[in-house]
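To start, the structure itself, in structure tokens.
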Amino acid sequence: MIFLHEIPHHDARALLESGAPVYLGFNPIEFHGPHLPLACDRLIGDGLLRLFTERMAARFPQWPVLVARSIDVGVEPTSGFGSAKPGYRDVRRVVRESCRALMELGAKRIVLHTFHGSGLHNLALESGVRLVREEGGQALAPFHVVLNEMMDLDAERYAPAFAHIEDPDERAAMIAGLHMDFHAGFFETSLAMRFAADAVHARHVELAPCPRFERDGALAFLSSLTDALGHRKAAAEMSFAADARGWYALRPFPGYTGRPHHARAESGAFFAEKIVERYEEAAALVFERDQDPPPAVMEWLAPMTGWGSLEATRVDVRHITHDFG
């Protein structure tokens, strides 16, 4: 792994002549409950990147692994003390300028990676993908694969990650609810334990399960209307958003979903392998077959929010539980 921004300029340009992709990360500083660090997305993203680039090096041995400096920026971070909240337009501008600068340096292929699931955040990354492709390069944002899968998740595919849950009813409930375990819960805490165990507070085992939350009525209605008009993909995305948006209405707001007290590093390792398998498949389609990269989800979200002007996910810090118990 060669850190492109930390070697002599002459050497960086020479390495880019190989056509090797540059891995460029964007992750927020955001609250992940009392048990995980503010830079959790970057720590997990960097761990996944190590596994992903190992696979890529084996598949494309002619290319050096070139990593650009990761940028701590993300749209719609979860509210909490310490969360940095740049707007969609600002992040989009940073993404596009970062891609432009790499192409000016000589990059022909760029992989924009993240572990932040905000729809607007990933639309900002998609803007970078499109810029690179418009300029004749190849690009993909591999986390789009994860988000597309979440829209219609076959949770049984991940059942082995829950094998240690002794109560069969609880295990079944956790598997069925995996699509709503999207922030600092069992899924993300397990991944953090896999890649950054020292950054996970030991008291995560004391956290109560996240309370049940209701669907957002307005988005649920819009989903039904969109489905009736024949726009199946957008309707499914709106239905998912309706489920997820209800989490922000919880008071007090816990800052995590699911059941993080059951998290295990072994479960995180299982999730990680499944994710990087999909990453490699997507990269192969783009770099070997010159096919289109995985599409972004929720394209409708940018105009619906006035390109980030409406902040429906923000929670006043007075309503947030920042500690255990």
Could you tabulate the donor-acceptor pairs under 3.5 Å formed by side-chain atoms of residues 5-16, not counting sequence neighbours?
residue	atom	partner	partner atom	Å
H5	ND1	R69	N	3.1
E6	OE2	R69	NH2	3.0
R13	NH1	L105	O	3.3

- Is there a donor in the side chain of H262 and an acceptor in the side chain of E170, or the other way round, less than 3.5 Å apart? yes

- Task: If a pair satisfies salt bridge (charged side-chain N to carboxylate O under 4.0 Å, His left out) and one of its residues is in residues 178-194, list it, with sequence neighbours excluded.
- Result: none

- side-chain contact (heavy atoms from CB on, under 4.5 Å) partners for D154, two or more places apart: E156, R157

- Query: Any side-chain heavy atom of P294 sitting closer than 4.5 Å to one from F143?
  - Reply: no

- Message: Any heavy-atom pair between the side chains of V94 and D90 that's under 4.5 Å?
- Response: no

- Side chain S239, main chain A236, donor-acceptor under 3.5 Å: no

- Within residues 292-320 or reaching into it, pairs that qualify as ring pair (Phe, Tyr, Trp, His ring centres under 6.0 Å) - sequence neighbours excluded: none

- Query: Is L207 reachable from F186 through a run of I, L, V, M, F, W or Y residues, each pair having side-chain heavy atoms under 4.5 Å apart?
  - Reply: no

- Message: Between L123 and E299, is the side-chain contact (heavy atoms from CB on, under 4.5 Å) condition met? List the steps.
- Response: CA-CA 7 Å; L123 289 179; E299 294 272 7; 3.8 Å; yes

- Query: Does the side chain of E76 come under 3.5 Å of the side chain of H121 through a donor N or O and an acceptor N or O?
  - Reply: no

- So does E214 have more than 12 non-hydrogen atoms from other groups sitting under 6.0 Å from CD? no

- salt bridge (Lys or Arg N to Asp or Glu O under 4.0 Å) between E166 and R171: does it pass, once the steps are laid out? CA-CA 7 Å; E166 295 181 358; R171 182 170 62 250; over 6 Å; no

- Query: Can the ring centroids of F81 and F31 be said to lie less than 6.0 angstrom from one another?
  - Reply: no

- Query: Can Y256 be reached from F115 by stepping across I, L, V, M, F, W or Y side chains whose heavy atoms are under 4.5 Å apart?
  - Reply: no

- Message: If hydrophobic clusters are built by linking Ile, Leu, Val, Met, Phe, Trp and Tyr wherever their side-chain heavy atoms come under 4.5 Å apart, do L102 and M56 end up in the same one?
- Response: yes

- Message: A side-chain contact here means heavy atoms from C-beta on lying under 4.5 Å apart; do R50 and F195 qualify?
- Response: yes

- Message: For the OG1 atom of T53 and the CD1 atom of I2, what is their distance to the nearest 0.5 Å?
- Response: 11.5 Å

- Query: Distance only, no hydrogens: is a donor on one side chain within 3.5 Å (strictly under) of an acceptor on the other, for R92 and S127?
  - Reply: yes

- Message: Just verifying a value: how many Å separate E206 CD and H201 NE2, rounded to the nearest 0.5 Å?
- Response: 8.5 Å

- Query: For the residue pair Y158 and F187, is the inter-centroid distance of their aromatic rings smaller than 6.0 Å?
  - Reply: no

- Task: Verify the distance criterion only: is there a donor paired with an acceptor across the side chains of S79 and R314 at less than 3.5 Å?
- Result: no

- Between E104 and R100, is a salt bridge (Lys or Arg N to Asp or Glu O under 4.0 Å) present by the stated rule, with each step listed? CA-CA 6 Å; E104 183 180 70; R100 185 208 61 77; 3.3 Å; yes

- Item | Value rounded to 0.5 Å, distance of CG in D152 from NZ in K233 | 12.0 Å

- Task: Go through E126 and R130 one step at a time and tell me if the salt bridge (Lys or Arg N to Asp or Glu O under 4.0 Å) criterion holds.
- Result: CA-CA 6 Å; E126 176 66 14; R130 292 177 181 176; 3.0 Å; yes

- In this structure, are over 12 heavy atoms from other groups packed under 6.0 Å from F221 atom CZ? no

- Item | Any donor-acceptor N/O pair, R251 side chain to Y248 backbone, under 3.5 Å | yes

- What pairs meet the side-chain hydrogen bond (donor to acceptor under 3.5 Å, both in side chains) rule with one or both residues in residues 14-24, with sequence neighbours excluded? none

- Query: If you measure from CG on L219 to OG on S224, what distance do you get to the nearest 0.5 Å?
  - Reply: 11.0 Å

- Task: Supply the atom-to-atom distance L120 CG to M304 CE, rounded to the nearest 0.5 angstrom.
- Result: 11.0 Å

- Validation row: S309, R89 side chains within 4.5 angstrom (heavy atoms): yes

- Query: Do L147 and I275 share a hydrophobic cluster, counting only Ile, Leu, Val, Met, Phe, Trp and Tyr and linking them when any side-chain heavy atoms are less than 4.5 Å apart?
  - Reply: yes

- Message: Once rounded to the nearest 0.5 Å, what's the spacing between atom CZ of F182 and atom OG of S118?
- Response: 11.5 Å

- Do P77 and I29 have side-chain heavy atoms sitting under 4.5 Å apart? no

Extract all donor-acceptor atom pairs below 3.5 Å that involve side chains of residues 39-46 and protein atoms in other chains or at least two apart in sequence.
residue	atom	partner	partner atom	Å
D41	OD1	H32	NE2	3.1
D41	OD2	H116	ND1	3.4
R42	NE	D72	OD1	3.4

- Query: Side-chain donor-acceptor pair under 3.5 Å between H183 and T78, yes or no?
  - Reply: yes

- Message: Do F324 and V205 sit in one hydrophobic cluster, given that two such residues count as connected whenever their side-chain heavy atoms are within less than 4.5 Å of each other, even indirectly?
- Response: no

- Query: Do V129 and L140 come close enough that some side-chain heavy atom pair is under 4.5 Å?
  - Reply: no

- Message: Exactly one of R109, R133, K108 should register a side chain to side chain donor-acceptor pair (under 3.5 Å) with Q138. Which one does?
- Response: R109

